[in-house]
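Here's the structure we're looking at; comments come further down.
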Amino acid sequence: MSGRVVVVAVIALALLVAPSALAHGEEEEALAAMPARTLVQQALGLLTQADDPLEAHERLEAALESEDRARVHIPAVRDAMRALGQGDHEGAIEHINQALAPAEDPAEPAEDPAEPAEEVPAEETLAHAEEFEPDRGTEEGIGVGVGAVLIAVGLGLLAIRRRTTPA
Amino acid sequence: MESGAAPARLGPRIWGWLDGRLGLSGLRYAVPEHANSLAYTLGGITAVSFVLLVVTGIYLAQFYDPANVAGAHASVFYISTEPFLGRLVRSLHYWLAVAFVVTLILHMVRAFATGAFKAPREFVWITGVLLFGLGGAALFTGTTLKADQEAIEALAHNNEIANFFGALGFWFSADFADNVSQILRIYIAHVTIVPILIVAVLAAHMLLIRKHGISPLPWGPAEEVEAREGSERQVSFSSHMRHIGLWGLVALGIGLILAGLFPPSLGPQGVEGIEVTKPPWWFIWLYEPENWFGLDALWIFSAVLFLGLLAVPFADRSPERDPRRRPFWVALGAAVVIAWLVLTIIGATTEVAQHVGM
């Protein structure tokens, strides 16, 4: 293979690879420019609704590098990343909720490692993170019962009308 | 000796008193008998669904907080857990919206298949297409109000398209008003602007039907259809209204059963900057085109459908109404419905992808 062909091949390869590499770099820069709290919330959404731990990990990493780390408990973010690394998604969700917990009290210093965020019960954090499925109880029973009566009454009266309408 | 005629019974006397003042007997004008078939009652069921949506919406509005995303999401959660019948009413509101969409689409398919848009009823069709568009606006704004991830992503799509249109889209963008949240403005659109427009266009639609009459049954050559139009057995419009009311009762019953059995879920509060959900089923036909062509596909495909529907009366101009005598147009209509179905299935089964900001 002549040298020219090799050079052209290398340039072509570089042209193919460079845009995606640059785009990836741009994406990382764009993430780092976002507030840490938004990034951690995004990580939570990605974990709970898209089951995408890789992307979630990337957002958490960016949160650590973000300049605006207000209202985020950073040690809990690190714990979440560690949990993700061990494949413990539920644990990661718990840590992420703890990382976001300072939002409950905006006056609380959010980034002091000496003062960990208040412990939030695991059930509560998961309840906030996961999709809410309404209970089914008396209301639903009323709905089904009344609905069945309305259908019967409506169809019954329609049948009577059809029968009594002169041909 | 008897003193004159016996006094009329109470019911007819009350009717006479009201009729003298409100002109209710004016509703007894004649309509063709086929108006009372289910196929010709679909539009009426859509209208009943709309009225019930307003009623359930008024109840939900008592507890809804549109101040910001967090408040909105928390209040929908509250509605689903605390107020008397709140969960059922929210669920019923959702299923009535489904009934509204389904009966509206079936009504349009029936009107298209039977040539109900043909002269002189072009503007009956056009006002119907406008109602279809406004229904889409009501569905979109309603979807965003729950402020979960699906809602926030819908809002992000809205903002991206609004920004694309520059000055034309400014009113729809988040930047239009800095002092209130965008969700508040969308709430106002959902509960006032869109319903007022729907009522206004619906009134025009009904007045035009009153003027031109309910379209004839389409079967046979055009001359035969025209001859039959004047000779068909008639019933009163008030009888047609009772018929619609009874089907409305059945639709409400079905809505209540579905509301009880399949309440809509509520995702966690939405967060900006990620796309991890898909749109609700009525918009999901646009999802795959968005994968192919990017965000612009949303408005381009919607505009093509909307303008195509508006053009129908001016494209299919032959006097024939019988679908068997309009094979080209019926095939075209069927192709559109099949394409919609196929895109819906593909959209529902394809993987979630990022579109905003790409």
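Owing to the predicted nature of the structure, the values given are computational and were not obtained by experimental measurement. Chain letters run A, B, ... following the sequence lines, proteins first, then strands; residues in each count from 1. Because only heavy atoms are used, hydrogens play no part in the values below, and waters and symmetry mates are left out as well, while side chains stay in.
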Interface moiety of B:Asn36 toward chain A, non-hydrogen atoms closer than 4.5 Å:
side chain
Is atom CD of B:Glu272 surrounded by more than 12 heavy atoms (other residues, nucleotides or ligands) closer than 6.0 Å?
no
When B:Val352, B:Leu258, B:Ile254 are compared by non-hydrogen pairs under 4.5 Å with chain A, the top option:
B:Ile254
Where B:Ile274 and A:Arg59 come nearest, the two heavy atoms and their spacing
CG2-NH1, 3.7 Å
Among A:Gly143, A:Gly154, A:Gly141, A:Gly145, which residue forms the greatest number of heavy-atom pairs with chain B at distances under 4.5 Å?
A:Gly143
For B:Arg242, check salt bridge (Lys or Arg N to Asp or Glu O under 4.0 Å) against everything at least two apart and list the hits.
none
CZ/B:Phe262: more than 12 non-hydrogen atoms of other groups inside 6.0 Å:
no
Heavy-atom pairs under 4.5 Å with chain B - which of A:Val149, A:Thr38, A:Leu46 has more of them than the others?
A:Leu46
Over all atoms of both residues, closest heavy-atom pair of B:Ser239 and A:Arg161
O-NH2, 2.9 Å
Backbone N/O of B:Leu261 and side chain of A:Glu140: donor-acceptor pair under 3.5 Å
no
Calculate, to the nearest 0.5 Å, the distance between atoms CD and CD belonging to A:Gln49 and B:Glu153 respectively.
7.5 Å
Can you tell me how far CG of A:Leu157 sits from CH2 of B:Trp247, rounded to the nearest 0.5 angstrom?
12.0 Å
Taking the side chain as every heavy atom from C-beta outward, state whether B:Leu256 and A:Leu150 have any atom pair closer than 4.5 Å.
yes
Report yes if the side chains of A:Leu44 and B:Val271 come closer than 4.5 Å at any heavy-atom pair, otherwise no.
no
At a heavy-atom distance under 4.5 Å, which candidate from B:Val276, B:Asp148, B:Leu92 has the highest pair count against chain A?
B:Val276
Closest contact, heavy atoms only, B:Ile257 versus A:Ile151
CD1-CD1, 3.7 Å
Name, in order of residue number, those residues of residues 50-73 of chain B that have a heavy atom at a distance of less than 4.5 Å from a heavy atom in chain A; otherwise write 'none'.
none
